[in-house]
Amino acid sequence: MNAVLPPLQIGPITVDTPVVLAPMAGITNTAFRRLCREHGGGLYVNEMVTARALVERRPESLRIIKHEPDEVPRSVQLYSVDPVTTGQAVRMMVEEDRADHIDLNFGCPVPKVTRKGGGSALPWKIRLFESIVSTAVREASKGGVPVTVKMRKGVDEDHLTFTEAGKVARDAGVAAVALHGRTARQHYSGTADWDAIAELREALPDLPVLGNGDIWSAEDALEMVRRTGVDGVVVGRGCQGRPWLFGDLQAAFEGRDERHRPDLAMVIETLLRHAQMLIPYFDGDERKAMQDIRKHVSWYFKGYPVGSQLRTQLVTVETLAQLQELLGRLDHSIGYPGADAEGPRGRAGSPKKVHLPEDWLASQELNEDQREMIAAAEVDTSGG
């Protein structure tokens with residue numbers, strides 16, 4: 001059968017399966033990325049890291065950008081509100097050969113990011129946006145490293161920025177642009193606006209455009225491509241507790257019908273491997289690894305008949321032995337539960353007030369107070 005989409009080209013990098021794992025805070029570490037990579041092709045991006053934390057060489061930030069020897073290409077997502085720090089962080093990654101691809105985060109809607117003018121609030125200040133992007137591209141190009149941008153539609157429906165920001169990013173030399181079809185105000189609520197993604201695709205005929213939002217299955221990805229004409233898809237919450245989604249996506253884009261229908265035994269085995277691989281990621285700290293796996297439990301077991309008492313015990317595990325013992329109590333002969341295991345997962349919630357710096361929306365240019373704030377404003381946080 002014929003492939004539905006050609007490989008995705010990001011600068012010198014060819015991604016055979018045009019699928020990108022969205023960077024997710026506390027989720028897309030080396031352990032989870034490995035599980036996803038084992039199932040299908042794509043570009044697997046690490047958790048977002050702040051430019052300042054990298055420049056200061058904070059241990060946690062250096063852990064976040066660590067890649068396993070067989071991870072190719074190495075993809076890092078950077079968050080910054082300040083062009084100077086952005087330049088320093090990109091230069092460091094290029095000079096020390098720590099990344100093959102750098103993505104810039106302008107999509108995060110979390111209050112502690114937006115109230116500093118960062119994430120999804122930043123493209124409104126279009127000159128600041130242009131300055132950060134062009135600085136990153138300039139420094140990355142010295143090592144032949146492509147830069148991409150991930151963004152949202154805008155702050156809210158009255159302050160949409162995606163078309164203007166997309167054109168500015170293209171003119172600054174980025175290799176691709178990804179759009180999450182929601183505003184910052186929407187957070188993760190409602191449905192993603194695929195029409196906006198189609199609009200951006202049309203506005204940037206000379207640049208790869210990727211679509212993000214509400215891809216819960218391979219069929220959703222095919223439908224997004226059909227409706228928007230994007231060159232590839234970005235998958236976030238849809239793969240939580242379901243790393244095999246990348247196998248489904250590869251099959252779909254290659255024109256094949258095979259899909260994973262995991263029985264409970266496969267889910268248990270995957271969850272256990274995930275937990276085991278988190279231990280070396282946390283430098284052998286088993287307790288930390290078990291604390292980390294807890295958030296994945298409800299995603300893995302979505303739709304499967306796992307009693308509430310056992311679920312409660314699973315989300316309080318302290319040791320690997322305890323986890324193994326609890327998983328051993330489950331009936332491994334239970335099959336795939338069908339539609340109950342599919343569909344939306346992860347946070348959704350409702351629209352939220354966007355926390356912004358004072359007078360942020362009054363003008364697309366920075367005022368003096370905002371300039372000072374930006375200079376001091378690198379924060380440690382993540383999401384998108």
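No hydrogens, no waters, no symmetry mates; every other heavy atom, side chains included, goes into these values. In this chain, residues are counted from 1 in sequence order.
- In the hydrophobic cluster analysis, where Ile, Leu, Val, Met, Phe, Trp and Tyr join through side-chain heavy atoms closer than 4.5 angstrom, Ile293 is grouped together with Ile27.
- Between Asp283 and Arg63 a salt bridge is recorded (basic side-chain N to carboxylate O distance below 4.0 Å).
- Arg170 is linked by a salt bridge (Lys or Arg N to Asp or Glu O under 4.0 Å) to Asp206, counting only residues two or more places apart in sequence or in another chain.
- Between Glu342 and Arg242 there is a salt bridge, with a side-chain nitrogen of the basic residue lying less than 4.0 Å from a carboxylate oxygen of the acidic one.
- Here His39 pairs with His260 under the ring-ring contact (aromatic ring centres under 6.0 Å, His included) rule; sequence neighbours left out.
- At least one donor-acceptor pair under 3.5 Å links the side chain of Lys295 to the backbone N or O of Gly26.
- For Lys125 and Gln370, the side-chain atoms include at least one donor-acceptor pair closer than 3.5 Å.
- A salt bridge (Lys or Arg N to Asp or Glu O under 4.0 Å) check over residues 314-338, counting only residues at least two apart or in different chains, returns the pairs Arg287-Glu318, Arg294-Glu318, Glu325-Arg329.
- The side chain to side chain donor-acceptor pair (under 3.5 Å) check on Glu130 picks up Arg127, with sequence neighbours excluded.
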Next item on the list: Begin with the C-alpha distance, continue with both residues' side-chain angles, and end with the deciding distance and a verdict on side-chain contact (heavy atoms from CB on, under 4.5 Å) for Leu204 and Thr163.
Entry: CA-CA 9 Å; Leu204 302 173; Thr163 315; over 6 Å; no
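- Shown here are the ring-ring contact (aromatic ring centres under 6.0 Å, His included) partners of Phe162, two or more places apart in sequence or in another chain: there are none.
- For Val147 against Ala136, the heavy-atom pair with the smallest separation is CG2-O, 3.8 Å.
- At least one donor-acceptor pair under 3.5 Å links the side chain of Trp194 to the backbone N or O of Gly213.
- For His159, the ring-ring contact (aromatic ring centres under 6.0 Å, His included) partners two or more places apart in sequence, or in a different chain, are Trp124.
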